[in-house]
Structures are given as C-alpha cells and as structure tokens.
Amino acid sequence: MLKVDVKSESSVKKTLSVAIPEEQVSSEFDQAYRDLAKKAQIPGFRKGKVPRNVLEKRFHTAVESEVFESLIRDSMVKAFQDNELEPVAQPRITEHKHDKGKGLTYTASIEVKPQFEPKDYKGIKLKKTSDKITEKQVNEVLERLQNEQGILQEREGVETPAKGDFVSVTIQGLDEEGNLTHPDQEPQERLYEMGGEILQEQMEKALSKMKVDEEKAVTITPKTQDKKEKAKDLHFRICLKAIKEKVLPKIDDEFAKSVGPFENLDALKERARNDLKEELKQKNRVDMATNALEELRKKNPVEFPESLVERELLSMMYNLWRQLEQAGMKEIPEEYSEKKLRERMKPEAELRVHDQLIMEAIAKKEGLEVAPEEINERIKEMAGQAKAPFAEYRAYLEKNNQIENLHFQMLTQKTLDFLLAEATIK
C-alpha cells in the first residue's frame with residue numbers, strides 16, 4: 001500500500017515523503033520486461049523468446065528509468081488526490097531510492113494553492129457615482145465627432161507652425177557623426193499635431209522655429225525610469241514639408257446626417273446621451289468591482305505561491321513586449337528589459353494572484369460554475385467577431401491551451417456579478 005507523509009513548510013509549500021511497496025515495484029518491472037520481450041530483436045533469439053536475464057543485461061538502465069518514472073508519476077497523482085492537494089507547478093523530485101525488498105522511496109517538494117475560508121464577501125459597502133449625463137458631456141461627444149470630420153488644408157500666410165497646427169514631417173535617423181543611419185531608405189512623410197501627445201518635446205520645439213522645406217538636426221535624450229542611469233542620446237534629421245490646419249464642419253442637422261442615420265441634430269444628441277449612459281454604467285461597474293476586490297484583499301490575506309506569481313509576471317511582460325513589437329519597436333529599450341520590468345511589475349502580479357485566489361475560493365464556497373454549454377456560447381460569440389467557423393475557432397483555442405483561461409475568465413466574471421449583486425450599494 002502506498003505510504004505518503006505530508007509535511008507543511010508553509011500554507012503553500014509542502015514536502016511529500018512517498019514509499020511505494022516492493023510488490024508494486026516488482027510488478028511494474030515484470031510488466032516492463034514482458035512488454036520489452038514482445039518487441040526486442042536480439043541476434044540468436046526469436047522475437048518474443050528473449051530470456052529476461054538477457055534483456056536485463058542489455059536494457060536494465062533504460063527499463064529502470066522508465067519504471068521509476070512511471071511509478072513516481074502515478075503515485076504522485078494518487079498522493080495529491082488522497083491528500084486533497086492542488087499543485088500549481090511541477091513537483092521537484094529528490095532523493096529517489098530503490099532498495100530491493102524495501103520498495104521505492106522519494107521526496108517531492110510542491111507548491112499548492114492556499115486553503116482558506118473566504119470572509120466578509122457578502123454585503124460589501126460600495127459607492128456608486130452619479131449616472132447623470134450633462135449637456136457638457138453631450139457637447140464634448142459632438143465636438144469629438146466634429147474634429148473627426150474635419151478636413152486638413154495647407155495654411156496660408158504663416159511661416160512657422162504653432163500649437164494646434166498639423167505638420168507634415170520626414171524624420172531620418174543619424175549616427176553620432178551626423179551621417180544617415182539608413183541612407184538608401186526614402187524618408188516617409190508623417191503627420192503630427194503640434195501640442196499633441198505624439199511628437200517628442202525636442203522635435204516639437206525645433207519645428208516651432210522652422211519654415212517649410214527647412215531641415216534641422218535634433219538630438220533627443222530619452223527619459224529613463226532609473227534616475228541614476230542616463231540613456232544614450234538619439235540623433236535625427238527632420239524636414240518640415242507642410243503646415244496644415246483642420247477646418248471643422250458646423251454642428252447642425254446636416255452634420256448629424258453626415259455622421260450616421262440621424263434625421264437631425266436632436267436625434268444625434270439623443271444617441272450620444274444614451275451611449276454616454278451605457279459607458280458610465282460600465283465604468284461604474286468596473287469601479288465597484290475594483291473597490292470590492294480592494295476590500296476583499298484586506299479581509300482575506302493569503303500567502304502567494306511563488307510559481308503563480310512568476311507565471312502571472314511572465315504573462316504580463318510577454319504581453320507588453322508584444323505590444324511594443326506591434327508598435328514597430330525592433331529593439332527593446334533598457335527600461336523594458338526583463339530585470340526592470342520584474343521590479344516594476346511584481347507588485348501588480350501579486351495583486352492579480354491574490355484576486356484570483358479569492359475569486360476561486362468564493363466561487364467554490366458558493367458553488368458557482370461555468371457549464372460547458374456556456375463556454376461554447378462564448379466561443380461562438382468570439383468566432384463570430386473573428387468571422388471564423390465555430391469548430392475551427394474552438395480547435396484554435398484548444399491548440400493554444402486557451403479553453404482553461406476562458407473558463408477561468410468566465411468564472412471570475414460570474415463571481416464578480418455575484419459579489420456586486422450581494423453588495424450594499426449607495
């Protein structure tokens with residue numbers, strides 16, 4: 001009979017001492033050699049008739065490794081089930097030893113999810129912000145639509161651009177000697193708004209003093225997170241190609257008809273008002289969920305399995321690097337290096353793991369579940385948005401191990417819905 005002794009190093013770290021009886025070890029070896037005898041081809045012996053002592057002489061090391069691996073794997077599964085342990089990472093096996101007649105023994109170190117009873121999660125006091133929509137907010141929507149419908153045209157009678165103007169610019173990289181880093185590449189014109197959020201400060205300052213067709217070398221010193229480190233200067237050649245202004249249409253009935261199926265300006269305003277109400281409703285919900293999680297963390301302190309924090313941290317870093325790559329950044333700046341990101345992101349990763357553990361504990365206590373048909377319905381929605389067949393999209397998610405993540409996201413949302421329904425909202 002399998003013997004397992006569990007020692008708690010902490011609420012999330014356990015050490016298992018496992019002993020597998022000799023009868024089970026011998027039986028596993030017997031089966032392994034029977035299977036091997038059926039397929040082994042050794043000169044001088046017919047297939048299936050090779051004596052065991054010959055097989056042992058030739059294949060003992062390989063068979064022993066296979067048998068021990070199988071015994072340890074199967075016994076670990078049973079040990080977890082019998083002791084109600086939920087590992088969050090692969091166990092670390094040490095000190096495995098086989099003494100004939102005494103069986104196989106080994107030690108396994110594992111990290112598990114902390115077992116705790118979630119407290120004070122019903123009746124959380126939350127504050128709901130006003131859901132009143134003002135005329136100012138409606139007008140801001142109209143102005144945003146007006147700005148989107150604006151037409152750019154070249155300014156006349158001005159020599160240098162000012163705040164609010166749009167500039168057409170070419171930007172080329174230079175080395176420290178002032179030579180073009182890519183002389184064979186044709187510079188592309190790009191449009192920027194003076195005083196906007198995109199243009200770098202030193203470039204905008206230089207452009208404010210330039211005339212059309214004028215070129216100028218600009219040096220930029222990137223900002224770094226670490227004040228002790230000075231980033232390497234970047235050098236560019238910029239050329240101002242044109243100065244433009246945006247001409248805006250008048251906000252009236254004709255404007256309303258031009259932006260959508262609206263009979264008049266009043267109909268457009270009503271649509272804007274309803275959209276703002278829905279946005280505010282969603283924002284209120286997100287804010288209340290955020291505040292609820294903050295309260296739950298205070299009332300439910302837990303120890304974090306380091307492997308879960310590491311997994312979350314790696315996911316956060318990978319997503320950020322992918323965003324930088326999609327934005328066209330070919331080389332990762334030092335401030336986004338793994339070392340720097342680990343320092344900045346680990347606290348956030350710990351908060352996310354804390355939230356996950358609390359959500360799972362509440363869902364388990366309240367018997368909240370996500371049925372397979374609910375997952376299929378969600379996948380159908382996602383497939384529709386991606387304009388892909390359901391079967392193909394589900395197969396894609398399965399191939400990339402995303403079904404479990406989707407299940408967890410849906411269970412978390414269901415748990416948050418439950419918490420907000422039970423909350424005291426003022």
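Everything quoted here is computed from the prediction, not taken from an experiment. These values consider heavy atoms only, across backbone and side chains, with no hydrogens, waters or symmetry-generated copies.
- A side-chain donor-acceptor contact under 3.5 Å links D35 and Q31.
- K14 places a side-chain N or O within donor-acceptor distance of the main-chain N or O of S10, the cut-off being under 3.5 Å.
- Counting heavy atoms from C-beta on, the side chains of T107 and R92 never come closer than 4.5 Å.
- A 6.0 Å sphere centred on NZ of K246 holds more than 12 heavy atoms belonging to other residues, nucleotides or ligands.
- Here the side chain of K414 pairs a donor or acceptor atom with the backbone of E369 at under 3.5 angstrom.
- Between K339 and E343 the shortest side-chain heavy-atom distance falls below 4.5 Å.
- Contact check on D213 versus K241 returns no salt bridge, with no Lys/Arg side-chain nitrogen under 4.0 Å from an Asp/Glu carboxylate oxygen.
- Among residues two or more places apart in sequence or in another chain, the salt bridge (charged side-chain N to carboxylate O under 4.0 Å, His left out) test is passed with E214 by none.
- Ring pair F68/F29 is perpendicular by interplanar angle, where above 60° counts as perpendicular and below 30° as parallel.
- We find the CG-CD distance between L126 and E294 to be 10.5 Å, quoted to the nearest 0.5 Å.
- Within the 4.5 Å cutoff, no side-chain heavy atoms of V112 are placed close to those of F80.
- Under the 3.5 Å distance criterion, the side-chain polar atoms of D165 are matched with a main-chain donor or acceptor of A162.
- Side-chain contact between M210 and V167: absent, with no pair of heavy atoms (C-beta onward) separated by less than 4.5 Å.
- Using modelled atom types, one side-chain atom of E111 and one backbone atom of E306 make a donor-acceptor pair closer than 3.5 Å.
- Between the side chain of T412 and the backbone N or O of F408, at least one donor-acceptor pair lies under 3.5 Å.
- Using a 4.5 Å heavy-atom threshold, the side chains of S17 and V4 count as separate.
- Scanning both residues, I238 and A206, for their nearest heavy atoms gives CD1-CB, 4.1 Å.
- Rounded to the nearest 0.5 Å, atoms CZ (F390) and CD (E377) are 8.5 Å apart.
- Counting non-hydrogen atoms of other residues, nucleotides and ligands closer than 6.0 Å to CD of E148 gives a total above 12.
- Paired with M316 under the rule side chain to side chain contact (heavy atoms under 4.5 Å, CB included), one option of R342, R344, E348 passes, and it is E348.
- Under the 4.5 Å side-chain criterion, counting only non-hydrogen atoms from C-beta, M317 is in contact with M345.
- The main-chain N or O of V88 is found under 3.5 Å from a side-chain atom of R311 such that the two form a donor-acceptor pair.
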Checking side chain to side chain contact (heavy atoms under 4.5 Å, CB included) for the pair F262/K257: CA distance, chi angles, key distance, verdict? CA-CA 5 Å; F262 304 105; K257 293 175 183 178; 5.8 Å; no
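- With hydrogens and angles ignored, the 3.5 Å screen pairs no side-chain donor or acceptor of N147 with any backbone N or O of E143.
- For the side chain to side chain donor-acceptor pair (under 3.5 Å) with Y121, the qualifying choice from E366, K299, E295 is E366, the only one to do so.
- Checked by atom type and distance alone, the side chain of E69 never pairs as donor or acceptor with a backbone atom of E66 at under 3.5 Å.
- Across P249 and Q146, no two heavy atoms sit closer than the pair O-NE2, 2.8 Å.
- Atoms CD1 and CD, on I243 and E159 in that order, are 9.0 Å from each other to the nearest 0.5 Å.
- Taken from CG in L280 to OG1 in T129, the straight-line distance is 5.0 Å, to the nearest 0.5 Å.
- No hydrogens or angles considered: nothing links the side chains of E360 and Q356 as a donor-acceptor pair under 3.5 Å.
- At distances below 3.5 Å, not a single donor-acceptor pair connects side-chain atoms of Q149 with backbone N or O atoms of L248.
- Note that the CD1 atom of I198 and the CZ atom of R190 stand 10.5 Å from one another [nearest 0.5 Å].
- Using a 4.0 Å cut-off between a side-chain N of Lys or Arg and a carboxylate O of Asp or Glu, R273 and E270 qualify as a salt bridge.
- Using modelled atom types, one side-chain atom of E374 and one backbone atom of A371 make a donor-acceptor pair closer than 3.5 Å.
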Please evaluate residues E398 and R394 with respect to the criterion salt bridge (Lys or Arg N to Asp or Glu O under 4.0 Å), reporting the C-alpha separation (whole Å), side-chain torsions for both, the decisive distance (0.1 Å), and the verdict. CA-CA 6 Å; E398 289 176 344; R394 183 179 176 90; 3.1 Å; yes
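- In summary, the side chains of D233 and T219 do not present any donor paired with an acceptor at a separation below 3.5 Å, with no hydrogens or angles considered.
- Side chains of T170 and E189: no donor on one and acceptor on the other come within 3.5 Å.
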Run the side chain to side chain contact (heavy atoms under 4.5 Å, CB included) test on I72 and I93 for me, step by step, so that the C-alpha distance in whole Å, both residues' side-chain angles and the decisive distance to 0.1 Å come before the verdict. CA-CA 9 Å; I72 291 173; I93 308 298; 4.1 Å; yes
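- The CG atom of L265 sits 8.5 Å away from atom CZ of F255, with the distance rounded to the nearest 0.5 Å.
- Between E278 and Q282, the closest side-chain pair of non-hydrogen atoms falls below 4.5 Å.
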